[in-house]
Amino acid sequence: MFDFMDMSYDEPDEPIELGPYIPDAGECMRCGICVSSCPTFRLFRIDEETPRRRIRTISKLLVENLPISADERQHLDNCVQCRACETVCPSRMAYGQLFDQTQAQLNLKASVEHSKIPFAQSLSKGGRDFGMLTKWMVTLAFRLIENKEWLRRLMPLLVVYLKLGLQKPLRRSGLLKKLHLADAEALLGKPALQTLAVSYPANATKRGRVALFTGCIAEHFDRETLLAAINLLNTIGYEVLVPPQQGCCGAIHQHNGQSAAGLIDNNIAVFNALDVDAVLHTATGCGAMLSEYQNDDEAGQLFRQRLYDINEFLLKYWPDGLQLTASELKVAVHEPCSQRNVLKNQQAVYALLQKIPGLSISTLADNHICCGAGGSYMLTHPDNARQLRALKQQVITAASADVVVSGNFGCGAHLNADEHKVEHPLQLLARQLPVSVLV
Ligand code: SF4
Ligand code: SF4
């Protein structure tokens with residue numbers, strides 16, 4: 001008998017779980033299907049600015065252990081991380097994950113080099129040293145979004161700065177530009193100073209209790225959306241908890257090659273400790289990150305099981321008898337990349353808006369092309385971000401809508417810097433509630 005004809009095999013003790021297949025960077029077929037969906041290719045029209053070429057650079061770093069040139073690094077860094085390429089790739093290339101791994105590796109190398117440059121030297125003008133100063137500012141910004149207490153204490157100073165009209169002279173001085181802070185400063189709106197309450201009771205007969213993810217800066221800079229969310233949830237019968245110990249989702253850290261582990265562990269511990277039916281996020285950028293927390297232990301699984309996008313939650317638990325007041329507004333829906341390409345639940349927004357009688361709802365053209373916000377991209381790559389916003393501006397103007405809605409706070413702030421009227425869909429919905437509950 002031939003041995004190779006023996007088809008018997010030992011049964012494994014444990015069933016083998018086959019997760020989704022994630023090809024490594026070396027498996028890109030170079031088919032080019034991803035090219036036309038890439039916003040940076042739209043801007044530059046060169047192969048170096050395509051996902052295909054970036055995957056090649058990533059492969060050199062992660063798979064082949066080869067050095068990359070300064071040019072390759074720059075084209076890689078130009079990626080907005082919109083992940084539109086992932087959605088069309090026949091090889092199911094996990095571009096977002098590969099990009100984060102690459103940034104982490106590059107940062108590790110860079111941190112060894114930068115740690116040798118003293119801070120005093122970074123203050124000197126010109127060339128690389130001035131770049132170092134900007135990096136110190138970025139580091140400071142990272143520390144601030146990690147520490148909500150520091151952020152809260154800074155807010156009154158910001159209000160004073162805005163009230164005293166210091167913006168104009170500071171802008172004129174050119175200092176903000178030199179520090180690469182001009183774009184960040186232009187995004188500043190008047191912050192809310194008070195923190196949210198820990199609990200908001202249900203207005204109607206109580207159906208349950210949920211927790212609201214507010215992250216790092218939304219509590220101060222996107223207060224209207226959070227209040228709208230609380231108002232809607234209370235109205236449909238849910239008590240809302242806002243745990244003050246929660247923090248930044250970690251997206252900006254992770255996408256810039258820094259460790260988000262501490263932030264992730266903290267959020268999982270804070271929300272898992274609550275006796276709630278669901279944990280809800282209102283900003284799709286944070287939601288995308290929260291939904292991809294990789295922790296595979298019991299705590300990580302519990303966190304993901306209870307995690308919901310607020311639009312989906314409201315839709316699922318919308319009471320039959322709740323009628324919104326009518327509106328004749330014309331609304332265009334902007335679909336953030338984090339919603340289209342990661343959460344993939346943009347239809348929930350349209351379905352919710354349809355609950356407003358008379359509302360005219362349209363889809364913004366070119367929704368598959370990133371607006372340029374890209375988390376911190378609008379600050380780290382202001383020129384590219386501005387050009388992508390200008391393209392979005394053209395489609396917004398062509399839509400001639402009364403209002404544009406976007407489910408991501410970052411996209412809204414970036415687009416509003418161009419004096420558009422972009423708001424979160426929850427704000428629009430909450431205004432149409434028949435009995436508004438002030439919170
Ligand atoms: S679509 Fe996928 S396989 Fe094709 S070139 Fe782009 S990344 Fe490579
Ligand atoms: S993530 Fe977006 S910007 Fe980056 S390569 Fe893919 S499509 Fe282009």
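Because the structure is predicted, anything quoted here is derived from the model rather than measured. Counting starts at 1 for both ligands and their atoms, in listed order.
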Does any N, O or S atom of C31, backbone or side chain, fall under 2.8 Å from atom 4 (Fe) of ligand 1?
-> yes
Closest to atom 6 (Fe) of ligand 2 by heavy-atom distance, out of C85, C38, P39, C79, is C85
Of the protein's non-hydrogen atoms, which lies at the shortest distance from atom 3 (S) of ligand 2, and what is that distance?
-> V80 N, 3.4 Å
Residue R54 vicinity, atoms of ligand 2 by number, heavy atom under 4.0 Å | 3 (S), 4 (Fe), 5 (S), 8 (Fe)
For ligand 1, note which part of C34 has a heavy atom under 4.0 Å away: side chain, backbone, both or neither.
-> both
Sub-4.0 Å heavy-atom contact, G32 with ligand 1 | yes
Charged N to carboxylate O under 4.0 angstrom, D277 versus R209?
-> no
Between S36 and R42, is any side-chain donor less than 3.5 angstrom from a side-chain acceptor?
-> no
State whether a side-chain donor-acceptor pair under 3.5 Å links T225 with Q427.
-> yes
State the atoms of ligand 1, each with its element, that fall below the 4.0 Å cut-off from a heavy-atom position in C89.
-> 1 (S), 2 (Fe), 3 (S), 7 (S)
What do we get for Y95 next to ligand 2 when only non-hydrogen atoms under 4.0 Å count, side chain, backbone, both or neither?
-> side chain
Least distance between heavy atoms, G32 atom then R52 atom = CA-NH1, 3.6 Å
Taking atom 8 (Fe) of ligand 1 as the reference point, the nearest protein heavy atom with its distance | C28 SG, 2.3 Å
Would you say H424's side chain and T282's backbone share a donor-acceptor pair under 3.5 angstrom?
-> yes
Counting each atom of ligand 1 from 1 as listed, which ones have a heavy atom of P90 under 4.0 Å away?
-> 1 (S)
Any donor-acceptor N/O pair, E72 side chain to S69 backbone, under 3.5 Å = yes
Residue M29 vicinity, atoms of ligand 1 by number, heavy atom under 4.0 Å | 3 (S), 8 (Fe)
Spell out, as yes or no, whether a donor-acceptor pair under 3.5 Å connects the side chain of R30 to the backbone of R53.
-> no
In terms of its nearest heavy atom to atom 1 (S) of ligand 2, the top option of M93, R52, R83, H368 is R83
Parallel, tilted or perpendicular: which fits the ring planes of F313 and Y308, with parallel below 30° and perpendicular above 60°?
-> perpendicular
Modelled atom types, side-chain donor and acceptor of E49 and N78, under 3.5 Å = yes
Tell me which protein heavy atom sits closest to atom 2 (Fe) of ligand 2, plus the residue, atom name and distance to 0.1 Å.
-> C82 SG, 2.3 Å
Counting from 1 in the order shown, the ligand 1 atoms closer than 4.0 Å to a non-hydrogen atom of R30 are 5 (S), 8 (Fe)
